[in-house]
Structure formats: structure tokens, C-alpha cells
Amino acid sequence: MSSYYALVDCNNFYVSCERVFRPALKHRPVVVLSNNDGCCVARSNEAKALGIPMGAPLHQWKEIIRKHRVTVFSSNYVLYGDMSSRVMNLLGEHAPRVEVYSIDEAFLEITGVPQEALRAYACRLRVRILQSVGIPVSIGLGETKTLAKVANRLAKKLPGSNGVLSLVGHPDKEALLDKLDVGEVWGVGSQYKRKLVQRKILTARDLMHVEPDWARQNMTVCGMRTVYELRGTKCIPIETVPPPKKAIACSRSFGQPVTELNSLREALSSYVGRAAEKLRGERLAAGAIQIYIATNPFLDNAPQYANAKTSSLPEASSYTPVLWEAASSLLDQLYKPGFVYKKVGVVLFGLVPENLIQLDCFITHRSTERERRLMMTLDNVNQRWGMGTLNYAASGLCQAWKMKRAHLSPSYTTSWAELLVVNAR
DNA sequence: TCTGGGGTCCTAGGACCC
DNA sequence: TCTGGGGTCCTAGGACCC
């Protein structure tokens with residue numbers, strides 16, 4: 001029995017999450033902003049129709065937003081994460097093998113469904129998700145993951161597809177591939193698109209007919225795989241268990257410019273705390289730490305400075321004070337006075353499972369059981385009562401560097417205090 | 001004048017994804 | 001005035017070793 005892939009993709013996911021709890025916003029233009037309320041990272045179809053592009057800086061679109069009464073949300077990742085897991089759980093009930101590909105996408109491996117029944121199968125799944133979670137999705141089906149992705153794009157694009165499109169055994173497969181811009185193919189970004197368009201390779205169909213060797217030379221083995229996958233040869237397997245993480249990062253742009261080392265220190269200490277929390281959540285310890293700082297690259301007239309430094313720890317650790325000590329000393333080495341900073345960040349890598357830490361016999365300080373329990377308590381409190389409930393003193397109290405979140409919706413599904421209230425009169 | 005070659009590891013940079 | 005964040009993978013080139 002042959003197997004096929006389905007790509008299930010939530011439509012305008014962040015916007016759809018907000019709409020579940022604000023149904024009056026259906027058919028209205030809505031955008032969700034990036035961290036710091038900087039740019040639009042999700043748009044409803046109505047907002048797209050107004051011409052607001054992906055990544056549009058908010059300040060450049062103020063006028064349109066006001067004029068058309070676009071509803072604006074700061075991003076509420078706690079809400080989106082919870083809605084995402086509801087969708088993913090449901091998918092798990094309908095397909096034996098699911099790869100959660102991102103917060104709003106999943107690949108399903110489909111076996112035992114005859115070719116001619118694929119569309120109906122996907123349509124039922126779509127209705128089920130809409131009814132149970134309230135999120136509209138699009139589903140694309142194909143013999144390979146790349147083709148499932150293509151089919152998904154087409155399902156969103158072509159009128160009459162009703163959110164579901166199958167390329168499996170489709171008689172007009174090439175004609176359909178010809179409707180998709182080469183830059184929309186999975187694995188083709190802006191650089192490769194430029195190169196391809198120069199050579200008159202304009203659509204997914206053109207790319208399918210490219211010589212694999214040429215693709216390999218000009219787009220690495222990944223490009224070659226894309227060509228084969230478009231032709232229907234499986235090169236990219238489904239990954240039902242996520243591979244172990246190789247890096248954990250945390251960084252933010254500042255809500256307002258920062259020049260003082262002390263403010264950088266406060267911000268960084270809170271990011272290190274957050275990164276370490278993620279680390280412990282995965283039951284990992286970090287063997288190395290990198291810190292980077294940068295000025296605002298968008299300011300043409302301001303002097304620019306960006307730099308990064310890495311140090312490896314004598315022994316892998318997930319104890320925040322140990323990580324902070326290393327981070328703090330790296331920051332001292334990186335900091336140069338006289339610049340206006342926009343961003344600071346931390347990356348933890350050299351990750352190992354916390355029960356497999358290689359011990360260093362010359363180490364002067366090792367995390368004790370007491371310290372491990374301290375971190376556990378800290379994480380529990382912050383998980384239960386919300387991120388940042390318990391903070392390190394090093395993170396400061398006024399936190400002028402903190403990001404902007406002026407349009408935040410409540411955490412409807414994860415906080416008792418913020419449950420939706422319905423009034424009957 | 002002649003002056004090896006091959007393998008491995010690490011890193012930086014560049015591409016991609018959502 | 002205001003422009004996100006968190007990842008992965010591949011490749012080329014240098015360092016180093018025998």
C-alpha cells in the first residue's frame with residue numbers, strides 16, 4: 001500500500017486564535033504584531049487585501065490601520081501555544097504518524113486511504129478541527145512532503161478548492177505546479193529565487209524540470225532534494241519524534257534604546273534566566289554559552305557595533321547562577337561605551353541530557369541537590385503563576401528595556417484569572 | 001632546481017524554515 | 001520616534017596531524 005503525505009496548516013494562525021475568543025472579528029481586518037509590537041507577523045485575509053505585507057513595520061502602516069479600523073494585537077504566545085497543542089492532539093487522533101513541524105503546521109503520513117478517497121478524508125479532518133478547536137486549516141496532499149507543501153499553497157490560493165487540494169495522481173499536476181511561483185516552493189528562499197529567476201526558472205513546474213546536478217551545484221544537496229521531491233521521489237522523511245535540540249536561545253529587542261552597561265546586564269540576566277528555564281524544561285544542560293549584543297542596524301546615522309563571544313563551561317550546567325556568571329563576564333568583554341544598543345541575547349549550546357553530564361574533577365563548584373531543587377521550585381512557580389513571577393534581583397525592578405506589548409489579549413485558555421467572561425442579560 | 005598528500009576537525013558565513 | 005525571535009543544515013577554508 002503506498003503512503004502519502006498531508007500538510008495541515010492553520011490559516012493565519014495567530015489571527016485565528018484571537019478570533020476564537022473575539023468572534024465579532026470574523027470578516028474584519030486583524031493583524032498580530034511581532035515581539036515589541038514592531039511589525040505585522042500575521043494578517044487576516046481582509047488585512048492582506050488592504051495590502052499589508054508580511055513583516056510590515058507597524059509605524060509605516062498606522063494610517064491604513066486607522067482608516068480601515070484594523071484590529072491590532074500584540075503577540076500572545078502562551079495562547080497560541082495552547083491552541084496549537086489542541087490542534088496537534090486532534091491530528092494525533094486521526095493519523096498514526098504526525099510530525100509537528102511548527103506551531104501552526106504538521107505533516108501527516110497517510111496509509112490505507114485509497115487515492116480517490118484522500119480528498120474526502122482531508123475534508124472531514126478539516127471540519128473536525130474547525131468544530132472542536134475553532135481554527136480553520138488548509139490541507140495539501142502529495143506523494144512527498146514538498147508536494148504536500150505545494151498542494152497546501154495551492155489549496156489556499158485556488159478558489160473552489162475549499163481549503164483542500166490533493167496532487168496525488170492528479171491528471172493536471174504539471175499545470176497546477178505551473179501556477180505556483182518558484183519562490184513559494186519549500187526550500188527556495190529569496191537568494192535562490194533570484195538565482196532561479198535569472199535562469200528563467202519561474203514556477204514550481206520549471207524547478208521540477210531542472211537538472212538535479214545543476215541544482216546540487218547551485219543550491220546544495222537541499223536544492224537537489226527539492227527537485228527530486230517535486231518529481232515525486234521521496235527524499236525527506238517524516239520525523240515523528242523531534243530530534244534532540246542543539247541550541248537554546250533567548251533574545252529581545254529593547255522597547256527603548258539602552259546605553260548603560262547596567263541596563264544591558266539586567267536585560268541579559270532575565271534572558272539567561274529564561275534560556276536556562278527552557279533548558280531545564282528539556283532536561284538538558286549546556287556545555288557552552290554565547291552572548292551577543294548589537295546596535296540598531298536600521299539607524300543609518302548612528303555608529304554601529306555588533307559582536308559576540310563564546311565561552312565553554314568546565315562542566316555542563318543548567319543552574320542559572322553558573323550560566324549567569326559566564327554570561328556576565330562575556331558581556332563585560334563585549335560592552336563598549338558610547339553606543340546605543342538595541343538588542344542583547346544568549347545562546348546555550350553543547351547541550352547534553354542532564355543525567356549524562358561529564359564530570360570535571362578539578363571543578364570548584366558543582367550543582368548540589370539543594371540547588372537543583374531551588375531551580376525546580378522557581379520553574380514551578382513561574383509555570384503556575386506566569387513567566388517572570390519570580391525573578392532574579394539582577395534582572396532589576398523597573399526594567400526600562402522591557403519590550404512593548406501594548407495590545408495584548410488575555411490568556412483565555414491557560415490562566416484562571418483571564419478566562420473569558422460571558423454576560424447574559 | 002628540487003620542496004607530498006590525504007584525512008579530520010572546527011569555524012564562519014550563508015542559505016533556509018516557521 | 002517606531003523595523004521579531006528561534007532554530008537547522010551545508011559548504012568552504014584553515015589548522016592540524018601523520
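Labels below follow one simple rule: chain letters A, B, ... track the order of the sequence lines, proteins then strands, and each chain is numbered from 1. Scope of the values below: all heavy atoms of this structure, side chains included, with no hydrogens, waters or symmetry mates.
- Ring orientation note: the planes of A:Tyr412 and A:Phe21 are close to parallel, at an angle under 30° on the 30°/60° scale.
- Checked for salt-bridge contact, A:Glu277 and A:Arg280 miss the test: no charged N lies under 4.0 Å from a carboxylate O.
- Using a 4.0 Å heavy-atom cutoff across all strands shown, A:Asn296 reaches sugar-phosphate atoms only and no base atom.
- In the set C:dG6, C:dT3, B:dC18, C:dT3 carries the atom at the smallest distance from any side-chain atom of A:Phe298.
- Distance A:Leu348 CG to C:dG6 P: 11 Å, rounded to the nearest Å.
- Classification of A:Arg199 and A:Asp206 as a salt-bridged pair fails, no side-chain N sitting under 4.0 Å from a carboxylate O.
- Residue A:Lys404 has its side chain nearest to C:dC2 when only C:dC2, C:dG5, B:dA15 are considered.
- As judged by a 4.0 angstrom heavy-atom cut-off over every strand, A:Ile248 is placed among residues touching the sugar-phosphate backbone only.
- Using a 4.0 Å cut-off between a side-chain N of Lys or Arg and a carboxylate O of Asp or Glu, A:Glu46 and A:Arg19 qualify as a salt bridge.
- Atom NZ in A:Lys156 sits roughly 10 Å away from atom P in B:dC18 (whole-Å rounding).
- In the set B:dC16, B:dC18, C:dC10, B:dC18 carries the atom at the smallest distance from any side-chain atom of A:Glu105.
- Not one side-chain nitrogen or oxygen of A:Asn36 sits closer than 4.0 Å to the OP1 or OP2 atom of C:dC2.
- A:Ser190 comes within 4.0 angstrom of the backbone, heavy atoms only, and of no base.
- Within 4.0 Å of A:Val32, counting heavy atoms only, lies no atom of the nucleic acid at all.
- For A:Ser251, a side-chain nitrogen or oxygen approaches OP1 or OP2 of C:dG6 to under 4.0 Å.
- The interatomic distance linking A:Asp104 (CG) with B:dC17 (P) rounds to 14 Å, in whole Å.
- Rounded to whole Å, the distance from OH on A:Tyr80 to C1' on C:dG6 is 17 Å.
- Close to C:dG5, at under 4.0 Å from its OP1 or OP2, lies a side-chain N or O of A:Ser253.
- C:dC16 and B:dG4 have their C1' atoms separated by 16 Å, given to the nearest Å.
- For B:dC16, the OP1/OP2 oxygens have no side-chain nitrogen or oxygen of A:Lys193 closer than 4.0 Å.
- Rounded to an integer number of Å, the gap from CG of A:Leu351 to C1' of C:dT8 is 13 Å.
- Between A:Arg216 and A:Val221, some side-chain heavy-atom pair lies under the 4.5 Å cut-off.
- Pair assignment for C:dC18: B:dG5, on the basis of Watson-Crick or G-U wobble contacts that are both within less than 3.5 Å.
- One finds a side-chain N or O of A:Lys343 lying less than 4.0 angstrom from the OP1 or OP2 phosphate oxygen of C:dG5.
- Between A:Lys195 and B:dA15 there is no side-chain N or O to OP1 or OP2 distance below 4.0 Å.
- Relative to the side chain of A:Tyr192, the nucleotides C:dC2, B:dC16, C:dG6 differ in distance, and B:dC16 lies closest.
- Of the two residues near DNA chain C, A:Gln60 and A:Lys278, the one whose nearest nucleotide lies more 5' is A:Gln60.
- Rounded to an integer number of Å, the gap from NE2 of A:His59 to C1' of C:dT1 is 9 Å.
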>> Before you tell me yes or no, could you show the steps for A:Tyr80 and A:Tyr14 under ring pair (Phe, Tyr, Trp, His ring centres under 6.0 Å), namely the whole-Å CA-CA distance, both residues' side-chain angles and the distance that decides it to 0.1 Å?
In response: CA-CA 6 Å; A:Tyr80 312 150; A:Tyr14 299 166; 4.4 Å; yes

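- Remark: P of B:dC18 and CZ of A:Phe107 are 9 Å apart, rounded to the nearest angstrom.
- Between A:Val221 and A:Arg252, the residue whose closest nucleotide on DNA chain C is further toward the 5' end is A:Arg252.
- Residue contacts shown for A:Lys62 are absent, as no nucleic acid heavy atom lies under 4.0 Å away.
- Residue A:Glu105 forms a salt bridge (charged side-chain N to carboxylate O under 4.0 Å, His left out) with just one option from A:Lys145, A:Lys149, A:Arg153, and that option is A:Lys149.
- One finds no side-chain N or O of A:Arg216 lying less than 4.0 angstrom from the OP1 or OP2 phosphate oxygen of C:dC10.
- In terms of phosphate contacts, A:Arg225 brings a side-chain nitrogen or oxygen within less than 4.0 Å of OP1 or OP2 of C:dC10.
- Atom CZ of A:Arg274 and atom C1' of C:dG4 are 16 Å apart (whole Å).
- Set against B:dC17, B:dC16, C:dT3, the side chain of A:Lys149 has B:dC17 as its closest nucleotide.
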